[in-house]
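Here the structure comes first, spelled out in structure tokens, and everything after it is commentary.
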Amino acid sequence: MSDIRPPEGAPIRSAQREGGPVTAIVLVGGGGHCQSCMAVLQSAGREIAGVIDVRRGVAPPGTVWLGDDAWLDTNAARDFVYLVSVGLNRVGPRRAAIYEAILQRGLSLATAVASSAVVAPGASIGPGTIVMHQAVVNAGARIGANCIVNTAAIVEHGAVLGDHCHAAPGSIVNGDAQVGSGSMIGAGAVLLPGTRIGANVMVGAGCVVTRDLLEDGTTWAGAPARKLS
Ligand SMILES: CC(C)(COP(=O)(O)OP(=O)(O)OC[C@H]1O[C@@H](n2cnc3c(N)ncnc32)[C@H](O)[C@@H]1OP(=O)(O)O)[C@@H](O)C(=O)NCCC(=O)NCCS
């Protein structure tokens with residue numbers, strides 16, 4: 001057991017009350033994106049148990065720091081579900097690694113949808129994914145695990161985001177477009193209908209993708225998209 005204990009008076013409660021479902025959420029990562037996640041969860045009436053962060057004591061106002069990663073190995077950890085709340089400003093393995101660490105411990109992921117977001121009937125959202133304020137996931141869209149559909153992003157009908165993707169604020173993934181796992185669509189970027197993006201591809205802010213960008217791990221910017229690296 002970790003030597004790190006929740007601070008005295010921490011509002012940590014078991015969600016497994018009277019045999020009910022485990023619903024209270026522990027956020028993993030206590031930075032700026034965590035604050036946005038909290039706003040989403042609160043809007044949806046979800047209970048936040050606290051925050052895990054490798055930085056001692058780091059948690060946004062309004063919640064508590066529970067401990068570092070070692071907290072996931074405590075008995076208390078089984079009473080909660082988890083959401084990776086580390087932000088992502090460009091493509092990188094960090095969010096996926098945290099997600100895997102949660103799964104490896106046999107713990108469960110939450111999904112979260114803001115009260116102001118729209119997820120159409122027939123759309124699907126994977127475990128660990130958050131759909132933030134004003135975002136739209138339209139009919140038949142499929143969002144993988146551990147994704148961020150950020151503020152006011154639009155994922156149109158039939159579009160697909162693989163696991164660990166991030167559609168940044170105001171980005172538009174048009175109908176039937178496909179985004180490979182680990183990729184990020186920058187703020188305000190637009191994928192034209194049916195375009196396909198490889199894995200771990202970075203589409204820069206404001207980029208307009210007019211054709212398939214299938215080379216994994218590449219970075220693109222501009223309108224139309226040009227390859228930066
Ligand atoms: C595309 C991006 C990843 C490139 O980052 P980078 O590899 O560090 O690139 P640099 O900043 O060194 O810029 C390289 C060149 O591309 C240009 N460039 C960078 N980003 C650009 C963009 N979004 N659109 C157009 N041109 C861009 C730069 O002006 C520079 O041009 P130059 O060589 O003529 O001077 C980054 O600029 C970006 O757009 N990130 C998205 C951020 C975002 O949406 N965050 C959401 C947070 S929730």
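Quick caveat: nothing in here was measured; it's all calculated off a predicted structure.
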Are side-chain heavy atoms of [X] and [Y] found at a separation under 4.5 Å?
X: Thr151; Y: Ser36; result: no
X: Val86; Y: Ile98; result: yes
X: Arg94; Y: Leu88; result: no
X: Glu47; Y: Ile25; result: no
X: Ile52; Y: Asp69; result: yes

For the residue pair His164 and Tyr99, does the interplanar ring angle fall in the parallel (under 30°), tilted (30 to 60°) or perpendicular (over 60°) class?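 Rings of His164 and Tyr99: perpendicular, over 60°.
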
For Tyr82 and Ala77, indicate whether the former's side chain and the latter's backbone hold a donor-acceptor pair under 3.5 Å.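 Such a contact is found between Tyr82 side chain and Ala77 backbone.
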
Main chain of Gly198, side chain of Ser183: is a donor-acceptor contact present, judged purely on distance under 3.5 Å?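 Yes; judged by distance alone, with no hydrogens or angles, the pair exists.
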
Would you say [Y] ends up clustered with [X] if hydrophobic residues are merged whenever their side chains have heavy atoms under 4.5 Å apart, either directly or through other cluster members?
X: Ile148; Y: Leu161; result: no
X: Val119; Y: Ile143; result: yes
X: Ile125; Y: Val155; result: yes
X: Val131; Y: Met38; result: no
X: Val179; Y: Val208; result: no

Assess whether side chain to side chain contact (heavy atoms under 4.5 Å, CB included) is satisfied between Arg46 and Thr23, documenting all intermediate values. CA-CA 8 Å; Arg46 306 287 293 271; Thr23 56; 5.5 Å; no

Using the rule given for side chain to side chain contact (heavy atoms under 4.5 Å, CB included), can you reason through Val203 versus Met184, listing the C-alpha separation, both sets of side-chain angles and the distance that settles it, and then say yes or no? CA-CA 6 Å; Val203 175; Met184 175 168 167; over 6 Å; no

Which heavy atom of [X] sits nearest to which heavy atom of [Y], and what is that distance?
X: Thr129; Y: Asn146; answer: OG1-N, 3.2 Å
X: Val51; Y: Val58; answer: CG1-O, 3.8 Å
X: Asp216; Y: Ala199; answer: OD1-N, 2.9 Å
X: Thr63; Y: Ala49; answer: OG1-C, 4.5 Å
X: Pro127; Y: Thr111; answer: CA-CG2, 3.6 Å
X: Asp53; Y: Trp65; answer: O-NE1, 3.0 Å

What I want to check is whether the side chains of Ser116 and His133 have a donor and an acceptor closer together than 3.5 Å.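 Checked: Ser116/His133 side chains pair up, N/O donor to acceptor below 3.5 Å.
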
Within the 3.5 Å criterion, strictly below it, is a donor on Glu156 or Asn174 matched to an acceptor on the partner's side chain?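 No pair is found: no donor N or O on one side chain lies under 3.5 Å from an acceptor on the other.
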
Nearest 0.5 angstrom please: [X] [atom1] to [Y] [atom2], how far?
X: His166; Y: Asn89; atom1: NE2; atom2: CG; result: 8.5 Å
X: Ile154; Y: Leu191; atom1: CD1; atom2: CG; result: 12.5 Å
X: Leu72; Y: Arg78; atom1: CG; atom2: CZ; result: 10.0 Å
X: Met132; Y: Leu41; atom1: CE; atom2: CG; result: 8.5 Å
X: Glu215; Y: Lys227; atom1: CD; atom2: NZ; result: 3.5 Å
X: Leu103; Y: Ser108; atom1: CG; atom2: OG; result: 8.5 Å

Return yes when atom CZ of Arg105 has more than 12 non-hydrogen atoms of other residues, nucleotides or ligands closer than 6.0 Å, and no otherwise.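 Counting neighbours around CZ of Arg105, more than 12 heavy atoms of other residues, nucleotides or ligands fall under 6.0 Å, so yes.
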
Please identify each residue that fulfils side chain to side chain donor-acceptor pair (under 3.5 Å) with Gln134, with sequence neighbours left out.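 Partners of Gln134 under the side chain to side chain donor-acceptor pair (under 3.5 Å) test: none.
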
Identify the residue among Thr218, Leu228, Thr219 that makes a side chain to side chain contact (heavy atoms under 4.5 Å, CB included) with Met202.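 The single option meeting the side chain to side chain contact (heavy atoms under 4.5 Å, CB included) with Met202 is Thr219.
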
